[in-house]
Peer 1: 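What follows is a structure written as structure tokens; I'll ask about it next.
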Amino acid sequence: MRLVQQHRFFLLFLGLLVFCTFMVVRQFNVNRARHLELREAFILLQAKGWTNEAQRLFTRLINEIPEQSNKVLIEDFQRTMMLVDPGTKHPESLIWTYHWTVSNELERRSESTLRRALKLAKES
């Protein structure tokens, strides 16, 4: 009991740190699940012909692209690749447009990652 009283601030700090870590990890999982649900709803609505509703979800997905991690974008790229023919252009298809936009974003990010890696190599 005396040990707890002597170190109560440290123990409170440690408890708060564990709680905050748990909440941050939980929020990442919630955001990722929300994005996946949004993407799948977009694909379903587009496939069933609900173009106005799909357009709204498409706009939300496009606006979220800069905030998404590379892993999420790669998953989106792979998921939409199964639904479109990447060799032919279909700008009238929202799914194809989303696939093309995600592809361009991944390419842009890989170029910046490559430039950073080259810069790091030159510094050594």
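Residue indices begin at 1 and follow the sequence shown.
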Peer 1: Are Glu64 and Arg34 close enough for a salt bridge, meaning some N to O gap below 4.0 Å?
Peer 2: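 The answer is yes: the pair qualifies as a salt bridge.
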Peer 1: Not counting sequence neighbours, which residues clear side-chain contact (heavy atoms from CB on, under 4.5 Å) with Gln78? List them please.
Peer 2: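 Only Ile74 meet the side-chain contact (heavy atoms from CB on, under 4.5 Å) criterion with Gln78.
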Peer 1: Residues two or more places apart in sequence or in another chain: which of them pass side-chain contact (heavy atoms from CB on, under 4.5 Å) with Ser110?
Peer 2: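 Expected list: none.
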Peer 1: Check this for me, if you would: do Arg108 and Glu105 make a salt bridge, where the nitrogen-to-carboxylate-oxygen distance has to be below 4.0 angstrom?
Peer 2: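 Counted as a salt bridge, because a side-chain N and a carboxylate O are separated by less than 4.0 Å.
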Peer 1: Can you name the residues that form a side-chain contact (heavy atoms from CB on, under 4.5 Å) with Met82, not counting sequence neighbours?
Peer 2: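 Scan of Met82 (side-chain contact (heavy atoms from CB on, under 4.5 Å), adjacent residues dropped) gives Arg79.
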Peer 1: For Leu94 and Phe58, which heavy atoms make the closest approach, and how far apart are they?
Peer 2: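 Residues Leu94 and Phe58, closest heavy atoms: O-CE1, 3.6 Å.
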Peer 1: Any chance you could measure Leu73, atom CG, to Glu67, atom CD, to the nearest 0.5 Å?
Peer 2: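 Leu73 CG to Glu67 CD: 11.0 Å, rounded to 0.5 Å.
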Peer 1: Nearest 0.5 Å please: distance from the CZ atom of Arg60 over to the CD atom of Gln55.
Peer 2: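 These two atoms lie 13.0 Å from each other.
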Peer 1: Would you give me the side-chain donor-acceptor pairs under 3.5 Å for residues 6-18, sequence neighbours excluded?
Peer 2:
none

Peer 1: Not counting sequence neighbours, which residues clear side-chain contact (heavy atoms from CB on, under 4.5 Å) with Trp96? List them please.
Peer 2: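 If we apply the side-chain contact (heavy atoms from CB on, under 4.5 Å) test to Trp96, skipping adjacent residues, the hits are Val84, Lys89, His90, Pro91, Ser93, Trp100.
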Peer 1: Given His35 and Asp76, is the side-chain hydrogen bond (donor to acceptor under 3.5 Å, both in side chains) satisfied, shown in steps?
Peer 2: CA-CA 10 Å; His35 175 78; Asp76 285 1; 2.7 Å; yes
Peer 1: Where do Leu61 and Leu38 come nearest, in terms of heavy atoms and distance?
Peer 2: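 In terms of heavy atoms, the two residues are closest at CD2-CD2, 3.8 Å.
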Peer 1: Taking all non-hydrogen atoms of both residues, which atom of His99 and which atom of Thr80 are closest, and how far apart?
Peer 2: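 That closest heavy-atom pairing would be ND1-OG1, 2.8 Å.
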Peer 1: Just list the side-chain donor-acceptor pairs under 3.5 Å for residues 41-51, sequence neighbours left out, or say none.
Peer 2:
none

Peer 1: Could you see if Val72 belongs to whatever hydrophobic cluster contains Leu57? Use Ile, Leu, Val, Met, Phe, Trp, Tyr and a side-chain cutoff under 4.5 Å.
Peer 2: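 As far as the 4.5 Å side-chain criterion goes, Leu57 and Val72 are not connected within one cluster.
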Peer 1: Is there a side-chain contact between Arg26 and Met23 in this structure, where contact means two heavy atoms from C-beta onward sitting under 4.5 Å apart?
Peer 2: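 When only atoms from C-beta onward are counted, Met23 and Arg26 do touch, with a gap below 4.5 Å.
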Peer 1: Within a strict 4.5 Å, meaning less than it, do heavy atoms of the Val102 and Tyr98 side chains meet?
Peer 2: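 Yes; the side chains approach each other to less than 4.5 Å.
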Peer 1: Can you tell if the side chain of Arg115 reaches within under 4.5 Å of the side chain of Glu111, non-hydrogen atoms only?
Peer 2: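 A side-chain contact under 4.5 Å exists here.
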